[in-house]
Structures are given as structure tokens and as C-alpha cells.
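As a basis for the values below, the full set of heavy atoms in this structure was taken, side chains included, without hydrogen atoms, waters or symmetry mates. In this text the structure is predicted, and so the values were computed from the model without any measurement. Index from 1, following the sequence.
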Amino acid sequence: MSCDQDAETRHVLGCFRDRLKRLIQVEPLLDLLHFLEPDRKDRIKAKFREEGDINAAAFLIDEIIHSKNYARGWSRELIAALETVGCRHAAKYVLNSPPEPTEEAENDSCVRLIDLLQLTLVSMKTGDVCAHCRALGLLTLEDQENLTENQGNIGGARLLLKRLVKNEAGWFSKFLQALEDTEHHDLVRELRGEPCNEDGEALKTVEEGEQSCSETMPVLPPVLSANSSLLSEDLDSSVDSSGGLCTSADNEGEYLKQTQLSNYRIISLPSSEESKRDIVLRDYQMEVARPALEEKNIIICLPTGSGKTRVAVYITKKHLERKKQMGQPGKVVVLVNKVPLVEQHYKAEFGRFLKHQYSVERVSGASQLKISFPQIIEQNDIIICTAQILENSLAKAKNGDEDGIKLSQFTLMVIDECHHTKKGGVYNHIMIRYLSQKHKNQLLKKQEKSPVPLPQILGLTASPGVGGAMNQQMAEEHILQICANLDAFTIKTTTFKEEEAKTPYKRIARAEERKEDPFGDVIKKIMDEIHTHADLKPLCDPGTQYYEQWVVQKEQNAAKEENQMVRVCAEHLRQYNEALHQSNTIRMSDAFRFLNKYHTEELKTKSSPDEEGTITITDTERFLFTLFKAKLQELMGKPQYENNSLAQLKTNILKEFSTRERARGIIFTRTRLSAIALCQWIQENPKFDEVGVRASYLIGGGDQSVVKPMTAAEQKDVLNKFRDGQINLLIATTVAEEGLDIAECNFVIRYCLVTNEIAMIQARGRGRAEDSSYTLVAEAGSGVAERESVNEYREKMMSTAIVKVCKMNRADYEKKTREFQMQAIIEEKVKIKKKLLKGMMKEPPSKISLSCRQCSVFVCSGEDIEKIENMHHVNVTKQFSKLFTVRENASLQERLLDYETNGVIACKNCGQQWGSMMLYKSIECPCLHIKHFVVTYSSKKKTFSKWSELPIKFPAFDYTQHADLLVEDSEEEDLETD
């Protein structure tokens, strides 16, 4: 390794010192570190004997960081030694490639779980478990010998648990396997959080698969409002992490939704004609465009604001002109991953420059005018649409539907934000179809048959990232994988000497840790009273992720055990825990309002609308309602107790607006709730008004969080005002990082928020004005600043990887990309076969029954449930209609394709929400949300977050049958009236 790499390793060791000291095994490692002098090794060994592994590891790290006398290449020796002694997890951190934040959090949860259950786990047969762990690669031979010789069973078990948690992510499932293989079934059930039936047998999960950390410590499913519909295209759909909640269900819903839409909204062209505009490219833009002008598939990688889309417009224009000159038909499709980008690309680029010469159309879901998508394709030269719409039509064509289209109908396909062309993404689904046909074409040529024409591919991105790469070689493989996925001849980028002045100045503003927190202390006291009331004994501190996962598991177990006291207490504890977390980033008053809103809505559920029966309020619920507010309202008005991060943010905002003639900036924050709360805080503070701050928030449009989403019109209005200068400060979730056309800013602040290198590059790219700044506001000790430093190294790794891929030998490049492509094609075939097999194995609905999650009252049998449009599960039986009440839906009412949601359905007995009332072709259909029920499946009770987790085949909704029954009932009522 070079001196620069040794210096980089020192820096990384400093960044991850606190984590590395818990992952390194000092004693065996020292024997392999030949660059350390013997006397220094002796001091570290003495530290190990006197103070243990963690302190000795910290001492070793400090020794390496501060000493400058080691021979060149010592970092290579360190990494090799870590891998040799089994500290591969530590080696990844030293390689400057830690796991993704979500993976790291899941692994931390597993470590914490082992810690919580240690007293139970030490009863294991240590020798047997060690042998199996060794076979599974969790221990080295030296580890096994040390753990089993002269330690005793319990002592050996303790050391085994300490050793296991030092492994890289994935160790937990292997440990469970080792316990299972050695017949420690009770310990496995304890770790999985599975209750037992009367015979003591564990309740198996419905879909058995690899047990991951996240399955062991479940993450709470998203809280949806009553009319949450899978038929809303979300501004955050593909990359938004603003809510911190699972989005896989939302993406699946988007896929299912758009698969069913056969008609789309056509947005008509404006009547006023624009004058013809010439497209003039800069030298660097022409350089990156050149291979595409030669009809090659390429990826263009240019920074945000450098004109990638303008280059794509130019290539599109030249492509259509060339086709016309050759007397061939030309048709271009521009794919985007967010609905607002359809309108943006039309108005700002493709429509603006090309509609005078070609027919340009834009298409989005949630239609009102019903014109078939194939007709739109046929009638226009350039079509701008979301990728999901194209994928749905391609799927229809494959299934023999006349309303489908084929890739061969296009001659050029432009893919915006093409770094999303990866496993599971809609872009990748489309490109798998492309690659499969390309492979078939090669076979057709061998058979001397005509190949099926395929479009030229043009990918656009500002940052392909490194995909979690642990070293430079893996970063290069990630870039090659993206190139293979897009069948790219090359990836084109450039360096900007003249543009470098526009790179924002970066700084990190650290806030001091909070010294006093009486508001949090009161919340913790309330939580302690709830713990006492429900006889709950948490082994981790409130306000942490570990506590969140513990309380979620308690709520799920209590629901299955029909222990309503513990279930409702756990639900309230979750809300208090969230408020504790919020008070560390936003005002105490905002956290109080969050709690107050929750309690107010809970009280409303206990009211009986229209005097329909009596809803039961338990003693525990009365206790919880009485407990709330205590001293919280009094404390929230005392600014001296606010968190220091807010004060640091205030200082930075005032500095930007006081020192700049015309300040315009964006603050990025994690959640929608914090974006709205920060906006209110700024608007209510006269200090900001004095320096001319005019703030507004920008959040996503999907209805998957506790915060009311923004409509597309509201988003557009805010962006227009920001562009015009009516607003000069946006507080946004990560929805504003990527793609959206936002006016140039001269400062960007990321508030207690760090994700990956792509998000960092995208956010920083918003600061494109002269003399712009990029500031990270973080609390000291939070780890946020350290993650940002790692992202910077990943960015450098990405840039180097792109350069190396561009310089690769052509034969090597083509061989490598072809290998990736063949692998992708085979994986897709296997996936399809598994999906078909899974569908064939689905069981009848009679296997399940549903009961209320809150009061355990029987709701219905699975035989009463039908599916509308292959996604909405409804029960229209008369018996079921007697069990629920309908409440007004306070959220937005959205007109859908053939149905609309009118209200919330809730249990008559306890007020627990069950789902929403859907109006489908004039028939009222109660739509059930599985997360609100406990499912009895083959005599075992289980909770689910989405219907797809159930291996049950529900019948399609028979509209004709139910319509006939309604008509008969109506006629009988008319006769009785007469």
C-alpha cells in the first residue's frame, strides 16, 4: 500500500475507534502484527491482562494512529491479520467500507439481543455449540480451543457470546442454526421471540426463510392513515428515507397498482407555440455525448447542475433526425423514477426544445382521461413517463394482452437517475427484458434468423455510488455491474477545472451534548409508571433504537397472546419513545404536540358515532389517558432545556442570511415531521424574520407516514415560489436531493442526517451558486460526522473506479459485463420459477381466521375475504358489517380509477381501526388492513404487516354477484315500503 493509503487507514481508525475497539481480538492479533515493536506489544498485552479486550484494543488503535515510524504497507498487514484471526467485520471498517446504516443498525440489534438474553444463553452446551460454530465459519480453530479448554461450560459460553458478536453481519442466523443443530430449541425460540403453543412447540413463521437480525427484532411497520392507498404515486417512492420506515411494501404496492392500470392521464400540450430553440452544448457536454451520437449505449455521469438532461435532449434530437434521414421510424421513451419529473422534463427540457419539431407527450398514473398507453406510443415521437408505466405495459405484452407494448417499438430509451438500475428496481426489470432479448438475438443470428430490434440505451446519473464496496476493486465491480445492467459500451464523465469554483465549501458544525433534559426525564418517569403497571422490565434505556425494537416485540407478542393490558401499554410506550427521540432534534413543544395528537385521536376512537353500541374503555386505557401531560406542557415552554442541535442550526442559518447579500438555501432533515416542525420553528422566531428568512417545507406525496403528505400541486407551488424568490429557505426531506429541478442555492445544511455517498453528492450538488457552502449539523458523539467522513472516502473511491473502468481493456470490459448480464438473466429465470412454485403452493382461505388485534374479538374467516384488482382485501358479508363502525376519514380524499376510500372502519367493541371503506363501482367494500388483526393460521396465532406474507390464495371479487344481491335487497326494501 502507498503512504497515502496508510494515512487514509489512520484516519479511518480514528473515525471508527469506538466501534473497532469492540470488534478486535487483541491477543491473537498481536502475534501477526510484525510492524509493532516488541516493547509496544508487551505494553498492549499488559493492558489486555489488566483491563480486558476492549481497553487493550483501544490502546492498540491509539498506538497505530499516533505512531509515524511504521514501515510502508503496515495497513495491508493489519487488514490481513484481522481477517486471519477471524475479525472480518473489523477489517471491513478498516478498509473504509462499513456496512450500510440499516445493516449496521440490524447487526447492533442482534448484538444487543445477545446481551439482553445472556443469562439464558449461558445454559447452552458450550462444547457442542462451539464445534458447530467452527464448522459454520464463526470461529477459528484457535477460538474453539480457547473457548473449550479450562473454561467450564458457563465461562466458555460467556466467552463464546463475546466472540460471536465480533463477526460480520450474518453471524446471527448462523448462530441460530448452530443452536438448532445442537437441539437448543428453547434458546432458538427465545432469540426469535416466538411464543409456544400448549404443547411447547414453537409457532413457525408462515414463510420460512433465512432468519435475519431484522426478523428477530422486528421494525415497526409504517403507520398509514385510513385512506392510505396503493394508488398514489409517491414523490419519495424510490429513494425517500424521510420517515425512517420500511418502504418495501409501498414499492410493492406501486408495482401492483400500476400493473392494473390500463389507462393513463394525458396532459395536453399548451396552446401557445414556443419559438424554435437551438441546443448549444458546451465542450465537455459534447465530449460525453459523442459515443451516443455514434449510436452506442452509454452512461453519462455528470454532477448535479452540469446539464445531463440537456445533453439527453440533444442526443434525442440528433437520433430522430438521423432516423428521418435514413427513412426509418424513430421513437424515444424517457423514463423517470418520480412522477413530478415527468412534468419537469417536459416543461424545462424535452418539450421546450423539441415540441416545435416532434410530437412530445407526457404520461403519468392516477388517470382521469382514459386513453390507452399503446395509442400514446403510436401517436407520438417522444414519450416521457414513469418507468413503472412502461414496465406494466411490457408485462402485459408478455402475457399476450393486446394493451401491451414491446421494447422493439422504441429506437432510443433514456433512463434518468440510472444508478437505480439494480436488483429489485423497476429500471432493472425493464433492462432484464432488454438483456434477455439481446441474448435471444445472438441465438437468432446463429440460426441466420432476423433479430428483434432493440432501442439504444442512454443512462443519466450524477453519482452511481459504490454499492457498499469494501475496497477499490469492489467499487470498480459495482461500476461494471451498473454498466452491465444498462448494456453500456462505456461510462462517460469529465472533470471541471472551470467549474471547480462552484464546489461548495464544506464544514461540520458540532453541537454539545445535552447536559440537562427535564422534559425527557418526565417522559421517562411516565414510561416507568407504565412499566410498573404492566409489569414490564425493559433491559435497555428508553429513547434508543433497542428500546423501540423491544417494545414492538412486546406489543406483537401480547397481541398474539391476547394480553390486552400489555399490548395497549406497549403501544403507548412506543409513542413516548418516539417523542424522546424527537426532542433531540426538534423542539420539546413539537414532541409534546406529537404525543397530544396521538392521545386525542385515541380518545376519539373510544367515542361511539351515531350511538352505535358501546365501545369498551378498559381500566388500563383510563390509567394511560390520565397519566399523560403530567408536567410536559409546563416544561416545553422553557428554552434553556432545548437540545443544542437546534441552537447550532439557528446559528448557522443566521450566519448565512447575515453574511450573504441574497441567501437561498435548503435544510435536509430525516423525517416529514421534523421538516414541518423546523419550518414552524423558523416562522415563529422573530430573529429569522429580522434577517429576511422566508421558509417553507417540502415533503413527499406518499401517504405512508403519520404526517399528512403534500399533494403534487402543493409541491409544485412551493418549488415555484422558491424559484421566484418568494421563499428563500426550503426545509426538505431527502425527496429534494435527487432529480427535482430546484433553483441554485448558495448554502445547503444537512441537519443530523447522513445516509450514503450518493445522497451526500446529490444534496451537496444543490449548492451550485458561486461561493456556496455545505454544512453538516451534528451532535457531538452521535457518529453523524464520522459517517460523513466515510462518505467522502467512498466518493473518492467512486471517482477512481469510474476512471479505471473507462481505461479498461475493451476485451476485459466486455467479458466482465457479459458475465454480469448472464448472471442477471439466470437469476431472473430462477426468481420467476420460484414465484410460480410459490403461487402453486398457496393454501385455501379456510386455513385462516382473523381477530381484532386490540380486543381479540373474532372478526371473520378467511373464506369471507375477496380481492379487488388483485391487491385490496375486502369483506362484504352481512355478518361482518355488524361488527364495525365507519368514521370520517380526516385525511385527503383522493379520486381513484374505479373506486375511492370514504372512511375508516373500526371495531365496535374497542374502537381499533381495521381498515378503510372503499367505494368500488358504486358498491361499498370494507377493505381490511392485515396489520390491525391477529391471524389464526393452522391453530397458531401470528401477526403480519402485509397480505403478501400470507401463503393464502384469496378469490377475486365477484362484482356481478354482489351487484345482483344489492339489486335484490333494494327491490325487497321497495316492496316493503309500498
Side-chain angles (χ1 to χ4, degrees), residues 105 219-220 222-223 240-245 511 513-514 516-527 530 540-552 571-602 628-650 667-685 697 699-700 704-709 731-734 749-754 777-779 781-784:
V219 178
L220 191 71
V223 180
D240 183 61
S241 60
S242 60
L245 300 170
E513 292 188 52
R514 216 174 194 167
E516 279 187 282
D517 185 17
F519 183 84
D521 292 340
V522 170
I523 291 180
K524 289 175 184 176
K525 186 178 179 182
I526 293 172
M527 294 172 80
I530 298 175
C540 44
D541 294 330
T544 63
Q545 183 184 13
Y546 306 122
Y547 184 93
E548 167 81 6
Q549 294 172 337
W550 171 81
V551 80
V552 166
E571 183 58 38
H572 278 251
L573 285 169
R574 246 195 75 242
Q575 307 303 320
Y576 283 114
N577 194 64
E578 175 63 21
L580 267 180
H581 178 71
Q582 289 175 12
S583 67
N584 290 325
T585 53
I586 54 181
R587 293 173 298 180
M588 295 181 290
S589 58
D590 298 314
F592 174 79
R593 277 194 288 269
F594 167 79
L595 285 173
N596 193 47
K597 181 182 178 184
Y598 171 75
H599 281 82
T600 302
E601 289 177 355
E602 282 294 293
F628 176 59
K629 291 190 180 178
K631 296 180 181 178
L632 291 176
Q633 203 159 6
E634 177 187 341
L635 285 168
M636 72 178 190
K638 298 186 176 180
Q640 66 268 33
Y641 298 131
E642 292 288 7
N643 67 75
N644 293 321
S645 296
L646 267 181
Q648 186 65 60
L649 178 62
K650 179 181 177 181
I667 299 171
F668 287 105
T669 185
R670 184 174 297 279
T671 67
R672 298 180 181 187
L673 184 68
S674 62
I676 295 170
L678 288 172
C679 183
Q680 291 173 342
W681 167 65
I682 291 168
Q683 290 172 344
E684 293 168 8
N685 194 317
Y697 64 85
I699 61 174
Q704 82 272 19
S705 84
V706 294
V707 177
K708 179 180 174 182
I731 300 94
T733 55
T734 52
I749 298 174
R750 281 170 74 86
Y751 181 58
C752 303
L753 171 66
V754 169
V777 176
E779 186 180 47
S782 65
V784 171

> What distance do Ile731 atom CD1 and Leu678 atom CG have between them, rounded to the nearest 0.5 Å?
Replying inline: 6.5 Å

> Nearest heavy-atom pair of Phe519 and Phe592: which atoms, and what distance?
Replying inline: CZ-N, 4.1 Å

>> Between Tyr751 and Thr585 (side chain of the first, backbone of the second, donor and acceptor by atom type, cut-off under 3.5 Å), is there such a pair?
In response: yes

> Is there a side-chain contact between Trp681 and Leu649 (heavy atoms, below 4.5 Å)?
Replying inline: yes

> If you round to the nearest 0.5 Å, how far is SG of Cys679 from CD1 of Ile586?
Replying inline: 12.5 Å

> Can you check side chain to side chain donor-acceptor pair (under 3.5 Å) on Ser674 and Thr669, steps first, answer last?
Replying inline: CA-CA 7 Å; Ser674 62; Thr669 185; 2.8 Å; yes

>> Can you classify the ring geometry of Tyr576 versus His599 as parallel (below 30°), tilted (30 to 60°) or perpendicular (above 60°)?
In response: tilted

> Any side-chain heavy-atom pair from Gln575 and Phe594 closer than 4.5 angstrom?
Replying inline: yes

>> Could you go through Arg587 and Glu684, starting from their C-alpha distance and side-chain angles, then the distance that decides it, and tell me whether this counts as side chain to side chain contact (heavy atoms under 4.5 Å, CB included)?
In response: CA-CA 12 Å; Arg587 293 173 298 180; Glu684 293 168 8; 2.9 Å; yes

> Can you tell me how far the NZ atom of Lys650 sits from the CD1 atom of Ile682, to the nearest 0.5 Å?
Replying inline: 11.0 Å

> Do Ile526 and His572 come within less than 4.5 Å of each other through their side chains, counting heavy atoms only?
Replying inline: no

> Where is the tightest heavy-atom contact between Ala579 and Ala591, given as atom of each residue plus distance?
Replying inline: O-CB, 3.6 Å

> Just how far is it from atom CD1 of Ile749 to atom CD1 of Ile667, taken to the nearest 0.5 Å?
Replying inline: 5.0 Å

>> Testing the basics here: between Ser645 and Val777, what is the closest heavy-atom pair and its distance to 0.1 Å?
In response: O-CG1, 4.0 Å

>> I need the Gln680 CD to Asn685 CG distance, nearest 0.5 Å.
In response: 13.5 Å

> Going by heavy atoms in the side chains, are Glu571 and Tyr598 under 4.5 Å from each other?
Replying inline: yes

> When rounded to the nearest 0.5 angstrom, what is the spacing between OG in Ser589 and CG in Asn596?
Replying inline: 11.5 Å

> Within a strict 4.5 Å, meaning less than it, do heavy atoms of the Glu601 and Lys597 side chains meet?
Replying inline: yes

>> Are the side chains of Gln582 and Asp590 in contact, using a 4.5 Å heavy-atom criterion?
In response: no

> Could you walk me through whether Met527 and Asn577 pass the side chain to side chain contact (heavy atoms under 4.5 Å, CB included) check?
Replying inline: CA-CA 9 Å; Met527 294 172 80; Asn577 194 64; 4.2 Å; yes

